[in-house]
Amino acid sequence: MSRRILVTAALPYANGHIHLGHLVEYAQTDIWVRFQKLRGHDCRFFCADDTHGTSIMIRARQEGRREEDVIADMREAHLRDFAGFDIEFDNYGSTHSESNRELCAEFWAALRRADMIVARDVERLFDPEVGTFLADRFVRGTCPKCGTEGQYGDGCEKCLSNYAPTDLLNPRSTLSGATPELRTSTQLFVRIEDLHEFLGTWTQTSGALQPEIANYLQGHFLGEPLRDWDVSRPARYFGFEIPDSPGNYWYVWFDAPIGYVASTRDWCDRTGESLDGWWKNPDCEIHHFIGKDITYFHTLFWPAMLKTAGYQLPTKVHIHGFLTVDGEKMSKSRGTFIRGSTYLQHLDPAYLRYYFASKLGPRVDDLDLNLEDFRNKINSDLVGKVVNIASRCARLLAGRSLSAAYPEDGGLFREGAAASERIAAAYENCDYNQAMREIMLLADRANQYIDAQQPWTLRKDPARADDVQNICSVALNLFRQIAVYLAPVLPRLARQTGELLSAPIEHWDAAQQPLSGTPVNEFQHLLKRIEIEKVNAMLADSQDDLAKKEAPTAAAGAAVVGAEAAGGSGQDSGEWLEKEPLVADLCTIDDFTKVDLRVARVVEANHVQGADKLLQLTLSLGGDVRRNVFAGIKAAYAPEQLVGRLVVVVANLAPRKMKFGVSEGMVCAAGSGGRDVFLLAPDSGAQPGQRVH
RNA sequence: GGCGGGGUAGCUCAGUCGGUUAGAGCACCGGCUUCAUAAGCCGGUUGUCGGGGGUUCAAGUCCCCCCCCCGCUACCA
């Protein structure tokens, strides 16, 4: 029976290019959709650019352009990248569309009717010079937790803590540089606690979520009252103004998931389909594919919105993990932060689609792109095994035809046909690695068959020409069977196989019946081996992309010292400046001297009972002056490494009461945190107590 | 610390309801083959299944304790 299936992948944000991390999801989703279509189901794949929010505003401002121009360019780039990877949408919309605006209004009205919108006065920062409330990203100041300067109002990029912009120390408007004032603004919230019981049941029993996700929600959110969701942002904000609340705009996370519906609606308008037949039809399955980072929105808020507005809830939310490259987070300085477009300049998209497929399972696990494994796997599985079957036999039959009747093959084709439902079940469950294993088994058998029959020997005897044709007919049919099973992953290979054997692959059941009598065309290379040089070139290019992008920043900043540190090569990564941009506000020498930096000697360093990240340090500032300081450096330093060494301490930092005692200063360090922490040290000769000027 | 997920061959992983001698691919070694994109075929090596205890006729699998890794989260001034 044919199923009606609506599929979405998360909307990529219009502020950045598609990279290999994104592609895990789009490949996973595209494979699933192609599989369903090949099975004959009425399956449609909808996506869109996510275009609203403060980041787009900031970017537009920096580039001196309108937001609309920024998102139009990025949309074009996204579509180009997707096409390059054979990601095929039925519609690709935009959250900045009339259809989305109308649907947002519809959802909003439903929430109003359900009395789920509450207004509350919130103290917010206001820029008196520009005359506007400041969105989180327009306020910068010192992180109240770790003291890092130049942090945005929503959270600290260094210590990753979240807070309200009103918590920032020394806040400054990035619009005018003015010190913001605290003013009251009326803010709108969605009260989803009303749906707590419903969400509890849905997340735990509907089967829509992977078990580990259901547990996560139960443990993190559902055990206590659900917090109201702040969905309005005061002007100026790039988004849609809330119809019944002038001056307020919907927060980007409100309109983004509605973009799934809007994209569907655009498609319906174009094709004459009924939107309700997809989104309000209990017989239509709805599948969302997302990454684990946006679990919260898709498993609590979004179902609450759908439920309230009378839409169908997702049948499944398929959640995947992150991509790592060679076991590490993608890193710009190592060249492993790879854009889709950079990859495509060097390598075939089929490689990546197959590699991801061979590693993806139904769980939330992270996926590692090990570049050596990548090359081995593609070269041995796809080139050595699969494509090789065609390559060894097609030439012997080029210009002729497959045997008029399918020859005796010892049951090989039948066995392959019998694997159909096993492989299909694996695809259906997103267990692609299982499917790939099954398929490679078939490829092994085909190669064994060819090897045993030795058509190249028989060919020397003209009397055995029919035998050669029969053997090659079997092998090419086995090859075609494999190409059918791989078609969701490798659509180009399926198409090429159709051309080679003069019979397009249009349905999964093509693997059930062997072809006979069709012309065999001249064999063309189907897939090249991966050369290591290509991979290396891609990595080098990825670093270059970054260097070009960072060049203006480096020129404007003080990059001289860094060049020395790099051993004179002069080429340091701009990664860190990108993560934590230079503070725009200038400070005077007087500002600087407010901070009393001193050289100190670590006289004692201890683990703190019950603390995972803290070490307790006793610092000597010379004489009898001692300071007790807690520092979050446990992952990077052992206490015994520290005793005796010199550090730089902020000596006049206000004491802070912590869970384990009072901290009377802060030791200076660089790095992103965790193991990546590098304490500052003076050159030898410095003495405890000396001030750092 | 709390919660979640893991720990199986050098690497990436599979192991269903507990059931024979714990598997696959890659890598490695030996042989065969030379039609094929230095591809293919046959054979071989590799494991205290994180550690310890328990239940059982039988434990990689179930239960308890501990160790380690990852993620989220909490004090990282």
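Numbers restart at 1 for each chain; the letters A, B, ... are given by sequence-line order, proteins then strands. Predicted, not measured: the structure shown is a model, and the values here were computed from it.
With rounding to whole Å, A/Tyr449 atom OH is found 19 Å from B/A36 atom P. Nucleotide B/C75 holds its C1' atom 9 Å from the CZ atom of A/Phe630, rounded to whole Å. Note: CD1 (A/Ile378) to P (B/A27) measures 13 Å, nearest angstrom. Between A/Arg437 atom CZ and B/U16 atom P the separation is 13 Å, expressed in whole Å. For the pair A/Tyr296 OH and B/C3 P, the computed distance is 21 Å after rounding to whole Å. Here the C1' atom of nucleotide B/C13 and the CZ atom of A/Phe374 are 18 Å apart, to the nearest Å. Remark: C1' of B/G6 and NZ of A/Lys292 are 12 Å apart, rounded to the nearest angstrom. The distance between atom CD1 of A/Ile319 and atom P of B/G5, rounded to the nearest whole Å, is 14 Å.
Using P as the reference atom, B/G7 and B/U12 are 12 Å apart when rounded to the nearest Å. B/C3 and B/G43 have their C1' atoms separated by 50 Å, with the value rounded to a whole Å. With C1' as the reference atom, B/U34 and B/G23 are 32 Å apart, rounded to whole Å. Between B/C26 and B/U46, the distance separating the two C1' atoms is 14 Å to the nearest Å. Nucleotides B/U61 and B/C17 place their C1' atoms 10 Å apart, quoted to the nearest Å. Nucleotides B/C65 and B/U20, compared at atom P, are 29 Å apart to the nearest Å. Nucleotides B/G54 and B/C68 are separated by 23 Å at their C1' atoms, to the nearest Å. Between B/C70 and B/G50, the two C1' atoms lie 15 Å apart (nearest whole Å).
Side chain of A/Asp365, nearest nucleotide from B/C35, B/C41, B/G5: B/G5. Checking B/U37, B/C70, B/G5 against every side-chain atom of A/Asp366, the shortest atom distance belongs to B/C70. The side chain of A/Gln448 has B/C42 as its nearest neighbour among B/C35, B/C42, B/A39. In this structure, of B/G71, B/A36, B/C72, it is B/C72 that holds the atom nearest to the side chain of A/Tyr216. In the set B/A36, B/A14, B/C26, B/C26 carries the atom at the smallest distance from any side-chain atom of A/Ser380. Side-chain proximity of A/Asp373 to B/U12, B/A14, B/U37: nearest is B/U12. Out of B/C35, B/U12, B/C41, the shortest distance to the side chain of A/Asp444 is found at B/C41. Residue A/Arg392 places its side chain closer to B/C35 than to any other of B/A77, B/C26, B/C35. Considering only side-chain atoms of A/Asn388, the nucleotide from B/C35, B/A39, B/C13 that sits closest is B/A39. Checked against B/C26, B/U37, B/G6, the side chain of A/Arg363 finds its nearest nucleotide in B/G6.
For B/C28, the paired nucleotide is B/G44, the pair qualifying as Watson-Crick or G-U wobble because both relevant distances are below 3.5 Å. A 3.5 Å limit on both hydrogen-bonding distances identifies no Watson-Crick or G-U partner for B/A38. Pair check for B/G1 finds B/U73; Watson-Crick or G-U wobble, both atom distances under 3.5 Å. Of all nucleotides present, none satisfies the Watson-Crick or G-U wobble test against B/U61 with each distance under 3.5 Å. Using the Watson-Crick or G-U wobble rule with both distances under 3.5 Å, B/U56 pairs with nothing in any strand shown. Base pairing analysis places B/C13 opposite B/G23; the two distances defining the Watson-Crick or G-U wobble pair are each below 3.5 Å. Figure legend. B/C49 is base-paired to no nucleotide; pairs are counted as Watson-Crick or G-U wobble with both atom distances under 3.5 Å.
Rounding to the nearest 0.5 Å places CG of A/Asn628 at 8.5 Å from CG of A/Leu617. Within the model, atoms CD of A/Gln210 and NZ of A/Lys292 stand 11.5 Å from one another, a figure rounded to the nearest 0.5 Å. Atoms OG and CG, from A/Ser502 and A/Asn521 in turn, are 4.0 Å apart once rounded to the nearest 0.5 Å.
Each of A/Leu526 and A/Asp381 was assigned the nucleotide of RNA chain B with the nearest heavy atom; the assignment lying further toward the 5' end belongs to A/Asp381.
Among the atoms of the strands shown, base atoms are found under 4.0 Å from some heavy atom of A/Leu527. Among the heavy atoms of the strands, none lies under 4.0 Å from A/Val364. Residue-level contact check: A/Ala394 touches neither bases nor backbone, having no heavy atom under 4.0 Å from any strand. Base engagement by A/Arg529 is indicated by at least one non-hydrogen atom pair under 4.0 Å involving a base atom.
Here A/Arg464 pairs with A/Asp467 in a salt bridge; the nearest charged N to carboxylate O distance falls below 4.0 Å. Classification of A/Lys359 and A/Asp373 as a salt-bridged pair holds, one side-chain N sitting under 4.0 Å from a carboxylate O. Contact check on A/Lys385 versus A/Asp444 returns a salt bridge, with a Lys/Arg side-chain nitrogen under 4.0 Å from an Asp/Glu carboxylate oxygen. Using a 4.0 Å cut-off between a side-chain N of Lys or Arg and a carboxylate O of Asp or Glu, A/Arg395 and A/Glu522 do not qualify as a salt bridge.
Side-chain nitrogen and oxygen atoms of A/Arg375 include none within less than 4.0 Å of the OP1 or OP2 phosphate oxygen of B/C26.
Closest non-hydrogen pair, A/Val595 versus A/Arg691, comes out as O-NH2, 3.1 Å.
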